[in-house]
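Here it is, the structure, as structure tokens.
The structure displayed is predicted, hence computed values, not measured ones.
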Amino acid sequence: TQAEFESMRQSALDLSTEFPIAATAVADSMYLMISVGYDYQDMMSTIPDAARLATAGSMEMAEATNSLINVMGIYGDRAGDAAEISKVFANAVGVGKYEMGDFMTEMMKNIGSANQLNIAFSDLAAYNVALQNSFTSAEEAGTSFNATLIKLTDPATVQTMEEMGVSISNTDGSLRDLTDIMADLQVALSGVTGDAERAAIVQQMFGTYGQRAALALMNQADALPKL
């Protein structure tokens, strides 16, 4: 409606005054959200958080908006609202080594698999932060962790871990907390003294791509950041 259009125009101007973002960039992000199916109210409540995220992460407004759209599209309400998602992103960048753009690149590699396993969004962010010092790039870290997550539902991996005394699932069939799984796996492998033998066992369970992330998380099971 004309009233909504005027409200959008004024909001774009107000946000461009509050943040170092051009009003045209804000308007473009508004239309982006509308074009992918968000209604007026949801769009108007999300855009200010996208502007805050863009400013905090030194990102383009469109990149910040797309990041929120992607998370909300995959996780839905389970990730929280745009403000809560932005807070998780900001906290992760604050304690991790990657800037916002690289961190989002890392997370987008595994967010779909994590959602299918019902891993909480804040926990997913913490796992991705924990992996950063073990890889040379965000894309590599994100891809390896995705491979780890996929293998957690592989029947052969599940059987091998259960034979080692490590349970993947709760009694209701849901995935146990990943930190607990990795801590139990660490204990199960404590009798393996050689690094090469240990790596070979983990590679057998999680594959060539997934074993690096699995080993990194096992070694940090007691020191994951709280986001």
Side-chain angles (χ1 to χ4, degrees), residues 1-96 98-129 132 138 142 145-146 149 174 178 224-227:
T1 66
Q2 184 61 36
E4 290 175 343
F5 177 80
E6 179 58 29
S7 178
M8 290 167 61
R9 186 187 72 83
Q10 188 59 53
S11 179
L13 291 172
D14 291 344
L15 288 172
S16 70
T17 301
E18 183 178 356
F19 300 100
I21 302 171
T24 52
V26 177
D28 287 345
S29 288
M30 289 177 170
Y31 288 117
L32 170 63
M33 291 197 69
I34 293 295
S35 70
V36 297
Y38 283 84
D39 64 25
Y40 170 78
Q41 293 294 341
D42 287 341
M43 178 275 294
M44 289 294 282
S45 66
T46 300
I47 284 296
D49 292 307
R52 293 185 187 94
L53 181 60
T55 303
S58 300
M59 306 164 65
E60 295 295 329
M61 181 68 182
E63 184 181 4
T65 304
N66 269 316
S67 296
L68 292 177
I69 288 173
N70 286 335
V71 173
M72 292 186 293
I74 294 171
Y75 261 82
D77 293 339
R78 292 200 308 115
D81 60 21
E84 292 169 311
I85 295 169
S86 297
K87 181 180 179 181
V88 170
F89 276 138
N91 289 344
V93 171
V95 300
Y98 293 148
E99 297 298 327
M100 191 72 74
D102 284 340
F103 179 66
M104 290 181 176
T105 295
E106 180 186 8
M107 280 199 68
M108 288 304 125
K109 293 292 183 181
N110 47 65
I111 189 171
S113 297
N115 178 56
Q116 290 180 355
L117 293 172
N118 289 318
I119 294 174
F121 177 67
S122 59
D123 289 343
L124 174 63
Y127 297 138
N128 276 280
V129 169
Q132 292 174 2
F145 186 39
N146 187 56
L149 295 177
S174 61
L178 185 58
L224 291 177
K226 299 295 183 182
L227 303 179

- Could you go through the ring pair (Phe, Tyr, Trp, His ring centres under 6.0 Å) check for Tyr40 and Phe5 one step at a time? CA-CA 10 Å; Tyr40 170 78; Phe5 177 80; over 10 Å; no

- Query: Does the pair Asn115 and Arg78 meet the rule for a side chain to side chain contact (heavy atoms under 4.5 Å, CB included), with working shown?
  - Reply: CA-CA 9 Å; Asn115 178 56; Arg78 292 200 308 115; 2.6 Å; yes

- Side chain of Thr105, backbone of Gly101: donor and acceptor closer than 3.5 Å? yes

- Least distance between heavy atoms, Val26 atom then Ala12 atom: CG1-CA, 3.7 Å

- Might you point out which heavy atoms bring Gly80 and Ile85 nearest each other, and give the distance in Å?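 Taking Gly80 first and Ile85 second, the nearest heavy atoms are O-CD1, 3.8 Å.
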
- Message: So that I know where these two stand, are Tyr38 and Tyr31 an aromatic pair - ring centroids less than 6.0 Å apart?
- Response: no

- Message: A quick test of your reading: do over 12 heavy atoms of other residues, nucleotides or ligands sit less than 6.0 Å from CD of Glu63?
- Response: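 For Glu63, atom CD is crowded (more than 12 foreign heavy atoms under 6.0 Å).
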
- Establish, from distance only, whether the side-chain atoms of Ser113 and Asn146 form a donor-acceptor pair under 3.5 Å.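 The criterion, which ignores hydrogens and geometry beyond distance, is satisfied for Asn146 and Ser113.
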
- Message: Any carboxylate oxygen within less than 4.0 angstrom of a Lys/Arg side-chain nitrogen, looking at Lys87 and Glu84?
- Response: no

- Message: Looking at Asn110 and Phe145, would you say the former's side chain and the latter's main chain have a donor-acceptor pair under 3.5 Å?
- Response: no

- Message: Can a donor-acceptor pair be found, under 3.5 Å and without considering hydrogens, that links the side chain of Tyr98 to the backbone of Val93?
- Response: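 No; judged by distance alone, with no hydrogens or angles, the pair does not exist.
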
- Message: Tell me whether Asp77 at atom CG has more than 12 heavy atoms from other residues, nucleotides or ligands lying less than 6.0 Å away.
- Response: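 Count not over threshold, so no.
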
- Query: For Gln10, does the CD atom sit with more than 12 other heavy atoms under 6.0 Å from it, leaving out its own atoms?
  - Reply: yes

- Task: Say whether, by atom type as modelled, one donor and one acceptor occur between the side chain of Asn66 and the main chain of Ala62 under 3.5 angstrom.
- Result: yes

- Message: Which heavy atom of Ser7 sits nearest to which heavy atom of Met44, and what is that distance?
- Response: OG-CE, 3.5 Å

- If every non-hydrogen atom of Met61 is compared with every non-hydrogen atom of Ala50, which pair is closest and at what distance? CE-CB, 3.8 Å

- Enter the distance from Met8:CE to Leu13:CG here, rounded to the nearest 0.5 Å.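 Going from CE on Met8 over to CG on Leu13, the span is 12.0 Å.
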
- Task: Grab the two heavy atoms, one from Thr65 and one from Ser29, that are nearest each other, plus how far apart they are.
- Result: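 The pair with the smallest heavy-atom distance is OG1-OG, 3.0 Å.
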
- List the atom of Ala22, the atom of Ser16, and the distance in Å for their closest heavy-atom pair.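 In terms of heavy atoms, the two residues are closest at C-CB, 4.0 Å.
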
